[in-house]
Amino acid sequence: MGVYHHAGRLFAAGIFAVVSAAHAEEDRREVGPHVHGRATLAIAIEANNVQMEFVAPGMDIVGFEHEAETARQKRAVETALADLREPLNLFVLPESTGCTLTSAEVTVVAQDQEHHDAAAEADDSAETEELEDHHSEFRATYALACTDAAQLTSIYFPFFDRFAEARALAVTIIDADGQSSSDVTRDYRHLER
Ligand SMILES: [Zn+2]
């Protein structure tokens, strides 16, 4: 599945640098504009080390993006954070890769209030239906150590079973041969490289 783009040869040290730079950029920018229902997963493979960067609108993960207020909402966020700390239950790799999780950092990043207010004013004339105009995202960084990362030829996504609001996941895989991108969806939750 997916189109394979040869982005030129990336040297081992360069692969993680690319992902880290993209991540740093993301932290600086404001939350959004993201597309509700479309999360992203970037996977960098360097020898037997795999790094993943996951970003999802709060809407996809807990069904809201405002600050959790009720006990039920707070519990939904806590449970989601806990489940996102176990990525190998959500993004299942072939057993032959022998990958184990060595680190997981998961956070919720909310749009700051100033930007929120400015955006709300600017949007006054826009849609009046009850849309959430305060955005937040779940972001995660994972590191895996594998015994044979070359066996990472497919991924299955129980992610869609766990998160009922998630509809699509844009997956980018970067390795020494280049970069490939493809979308997996609730209806087609399997990726072959
Ligand atoms: Zn949003």
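From a predicted model like this one, the values you see are computed outputs, not experimental measurements. For ligands, and for the atoms within them, numbers begin at 1 and follow the listed sequence.
Nearest to the Zn ion (ligand 1), among the N, O or S atoms that E65 has, is OE1. Among the heteroatoms counted here (N, O or S) of H135, ND1 is the one nearest to the Zn ion (ligand 1).
Between F54 and F159, the ring-plane angle classifies as perpendicular under the 30° and 60° cut-offs.
Among the backbone and side-chain atoms of H134, no N/O/S atom is found under 2.8 Å from the Zn ion (ligand 1).
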What side-chain donor-acceptor pairs closer than 3.5 Å can you find for residues 87-103, not counting sequence neighbours?
from	atom 1	to	atom 2	distance (Å)
T97	OG1	P94	O	2.6
T100	OG1	A145	O	3.4
T102	OG1	A143	O	3.0

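Centroid-to-centroid, the aromatic rings of Y188 and F157 stay 6.0 Å apart or farther.
Applying the salt bridge (Lys or Arg N to Asp or Glu O under 4.0 Å) rule to pairs touching residues 78-93 yields D83-R162, sequence neighbours excluded.
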